[in-house]
Amino acid sequence: MGMTRYIYSAAALATRLGVSSSPVREAMLTLVSEGLMEPVRNRGLQLVPVPLRGRLHRRSGVPHRSPTGQRAPHGSGSHAS
């Protein structure tokens, strides 16, 4: 079962939010640089699917536990913070 992928436009989001498109564009480019969005040629940007469990653990600083319940070694993730 596939996930619906929406294409986002800085101009459309800015209009919907009632703000200038420049800060929206900058925010979207920041999300691209963090790997959370990706460009869709000649259309806009889309969200990158992220495994929720891993993202929550990395963001919150909560140690990830393996399926066996063992704590993963500090710094063993594949992310760069």
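The model shown is predicted, which means the values in this text are computed figures rather than measured ones.
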For this session: To the nearest 0.5 Å, tell me how far Leu36 CG sits from Met28 CE.
Result: 12.0 Å
For this session: Let me see the working for Leu45 and Val32 under side-chain contact (heavy atoms from CB on, under 4.5 Å), right down to the final yes or no.
Result: CA-CA 8 Å; Leu45 299 169; Val32 169; 3.8 Å; yes
Seminar exercise, completed: In this structure, OG of Ser9 is separated from CZ of Arg25 (nearest 0.5 Å) by 8.5 Å
Exercise. What residue pairs, at least two apart or across chains, pass salt bridge (charged side-chain N to carboxylate O under 4.0 Å, His left out) with a residue in residues 36-45?
Worked result: Arg5-Glu38
For this session: Applying side-chain contact (heavy atoms from CB on, under 4.5 Å), run through Met37 and Gln46 and close with a yes or a no.
Result: CA-CA 5 Å; Met37 293 191 92; Gln46 67 185 7; 5.9 Å; no
For this session: Output the rest of the hydrophobic cluster of Ile7: all Ile, Leu, Val, Met, Phe, Trp and Tyr residues reachable through side-chain heavy-atom contacts under 4.5 Å, sorted by chain and number.
Result: Val40
Exercise. Who pairs with Arg16 by side-chain contact (heavy atoms from CB on, under 4.5 Å), at least two apart in sequence or on another chain?
Worked result: none
Exercise. Is the closest side-chain heavy-atom distance between Tyr8 and Leu13 below 4.5 Å?
Worked result: yes
Exercise. Who passes side-chain contact (heavy atoms from CB on, under 4.5 Å) against Thr15, sequence neighbours left out?
Worked result: none
For this session: Check side-chain contact (heavy atoms from CB on, under 4.5 Å) between Ala14 and all other residues, then give those that pass, not counting sequence neighbours.
Result: Val19, Ser21, Val24
